[in-house]
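So you know, we letter chains A, B, ... as the sequences are listed, proteins then strands, and number each from 1.
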Amino acid sequence: MLQQTPVTRVIPHLEAWLTRWPTPADLAAVPPGEAVRAWATLGYPRRALWLHAAAVEITENHGGIVPQDVGVLLTLTGIGDYTARAVAAFAYGHRHPVVDTNTRRVIARCVAGQAEPAPPSRTRDLAAMNALLPADVRAAAVFNAGAMELGALVCTSARPRCADCPLAALCAWRAAGYPEYQGQKKTVQKKFAGSDRQVRGLILAELRSTRHPVTDAEIATLWPDPAQLGRALSGLLSDGLAVRVAAGSYSLPHE
DNA sequence: GAACCGTGGTG
DNA sequence: TCACCAAGGTT
């Protein structure tokens, strides 16, 4: 849920989710469409599908227990390098560098003296964090969490609160006089309004809103451009977020 | 490596 | 008003 999504927006959904499905087996026992429905408007609904798939994998292949090993976690659907390490470090207390967008920014500023991190690079980012990580297992877990928390609450992307920062005295960016970012530009995020993403979201919201099949005629009312509707619908079908239940009618995945 | 994938808060 | 961005992952 936290992938590319602010913590404050996740928390209520997480609590409701864990009340309904306390264990991987509980989630694995319901159709994937139920996960997509409960995901509501958290965004990136493929994550709901992937989380359900991971719950099935954990239930069938790992005795219903979330794996501890980073290499095993990486085999689960929707678990990438960040999430695998975060689970191993935060849930199980293992010593691994955990690097998210907040940590990257803290290292860029405090250590490298730059206003923004370079675009993410698994090798570089892990090496940089590894060089900072305490040797002690529990201290390493605290350090991972502390770096993320500092980036999320103090060393923020816009308007960092340097006056409140416990690392201000040793911050290389501050010492250098807050130079502007010189490095590679990050790829600009496309506009959402009018995009295929928005149309996908409209169709999926319609599918979530009812337990009856949604027809082509109903879908046609959601957006004026038929070509965009077609692209969005076929994308949802190929992603498994929607299934065709009869000619010209669709629902959330139910198997 | 780059495009793609949602939604909402913020300044 | 709108660009920016948020505990990334997959193809």
Problem - Single hit among A:H254, A:H52, A:R20 for side chain to side chain donor-acceptor pair (under 3.5 Å) with A:E34 - result: A:R20
Practice task
Ignoring backbone atoms, establish whether A:T41 has a side-chain N or O less than 4.0 Å from OP1 or OP2 of B:dG6.
Solution key: no
Problem - B:dC4 OP1/OP2 closer than 4.0 Å to side-chain N/O of A:K190 - result: yes
Exercise for the section: Write down the distance separating the P atoms in C:dT11 and B:dG6, rounded off to the nearest Å. Expected result: 14 Å
Practice task
With heavy atoms under 4.0 Å as the rule, sort A:E149 into base, sugar-phosphate or nothing.
Solution key: base
Problem - Interatomic distance, A:Y44 OH vs C:dG9 C1' [rounded to whole Å] - result: 10 Å
Fill in the blank from the handout: Whole-Å distance, A:R200 CZ to B:dA3 P, equals 18 Å
Handout entry: Side chains of A:L233 and A:D216 in contact at under 4.5 Å (non-hydrogen atoms)
Key = yes
Practice task
Identify whether any heavy atom of A:D81 sits under 4.0 Å from a base atom; if not, whether one sits that close to sugar-phosphate; answer base, sugar-phosphate or nothing.
Solution key: sugar-phosphate
Practice task
Take atom P in B:dG11 and the same atom in C:dA7, then report the distance between them in whole Å.
Solution key: 14 Å
Practice task
Check whether the side chain of A:R9 and the base of B:dT7 form a donor-acceptor pair under 3.5 Å.
Solution key: yes
Practice task
Report yes if at least one side-chain N or O of A:R105 is closer than 4.0 Å to OP1 or OP2 of C:dA6; otherwise report no.
Solution key: yes
Practice task
Pick base, sugar-phosphate or nothing for A:G80, based on heavy-atom distances below 4.0 Å to the nucleic acid.
Solution key: sugar-phosphate
Practice task
Counting heavy atoms from C-beta on, name the nucleotide in C:dC5, B:dG11, C:dA7 closest to the side chain of A:R159.
Solution key: B:dG11
Exercise for the section: Output the single nucleotide from B:dA3, C:dA7, B:dC4 whose closest atom is nearest the side chain of A:D100. Expected result: C:dA7
Handout entry: Distance between C1' atoms of C:dT1 and B:dG8 (Å, rounded)
Key = 16 Å
Exercise for the section: Tell me what A:P45 touches on the nucleic acid: a base, only sugar-phosphate, or nothing, going by heavy atoms under 4.0 Å. Expected result: sugar-phosphate
Exercise for the section: Find the distance A:R104:CZ to C:dC5:P and express it as a whole number of Å. Expected result: 13 Å
Exercise for the section: Would you indicate what A:Q198 reaches in the nucleic acid, counting non-hydrogen atoms under 4.0 angstrom: base, sugar-phosphate, or nothing? Expected result: nothing
Exercise for the section: Tell me which nucleotide among C:dC5, C:dG9, B:dT7 gets nearest to the side chain of A:F192. Expected result: B:dT7
Handout entry: N/O (side chain, A:T83) to phosphate O (OP1/OP2, C:dG9) under 4.0 Å
Key = yes
Practice task
Say whether, by atom type as modelled, one donor and one acceptor occur between the side chain of A:E57 and the main chain of A:T77 under 3.5 angstrom.
Solution key: yes
Completion exercise
A:L49 atom CG is separated from B:dG6 atom P, nearest whole Å, by 11 Å
Handout entry: Which nucleotide in C:dC5, C:dG8, C:dA7 has an atom nearest any side-chain atom of A:Q3
Key = C:dG8
Practice task
Please tell me which of A:P120 and A:G201 maps to the more 5' nucleotide of DNA chain B, matching each residue to the nucleotide holding its nearest heavy atom.
Solution key: A:P120
Practice task
Tell me whether the OP1 or OP2 atom of C:dA6 has a side-chain N or O from A:T5 closer than 4.0 Å.
Solution key: no
Exercise for the section: In plain terms, say whether A:D239 and A:R200 are close enough for a salt bridge, that is, a side-chain N and a carboxylate O under 4.0 Å apart. Expected result: yes
Exercise for the section: Return no unless some side-chain N or O of A:T187 is found under 4.0 Å from OP1 or OP2 of B:dA2. Expected result: no
Problem - C:dT10 and B:dG1, which share atom name C1', separated by this distance in whole Å - result: 13 Å
Problem - Spacing between A:Q189 atom CD and B:dG9 atom P, to the nearest angstrom - result: 16 Å
Practice task
Whole angstrom is fine here: how far is it from CZ in A:R231 over to C1' in B:dA3?
Solution key: 15 Å
Exercise for the section: Classify the nucleic acid contact of A:L42 as base, sugar-phosphate or nothing, counting any heavy atom under 4.0 Å across all strands shown. Expected result: base
Exercise for the section: For the pair A:K186 and A:E116, find out whether any cationic side-chain nitrogen is under 4.0 Å from an anionic carboxylate oxygen. Expected result: yes
Practice task
Take atom CZ of A:R161 as the centre, draw a 6.0 Å sphere, and report whether it contains more than 12 heavy atoms from other residues, nucleotides or ligands.
Solution key: no
Practice task
May I have the distance from A:W50 (atom CH2) to C:dT11 (atom C1'), rounded to whole angstrom?
Solution key: 9 Å
Fill in the blank from the handout: When rounded to whole Å, the CZ to P distance for the pair A:R85 and C:dG8 reads 15 Å
Handout entry: Heavy-atom check, side chain of A:L49 versus side chain of A:P253, under 4.5 Å
Key = yes
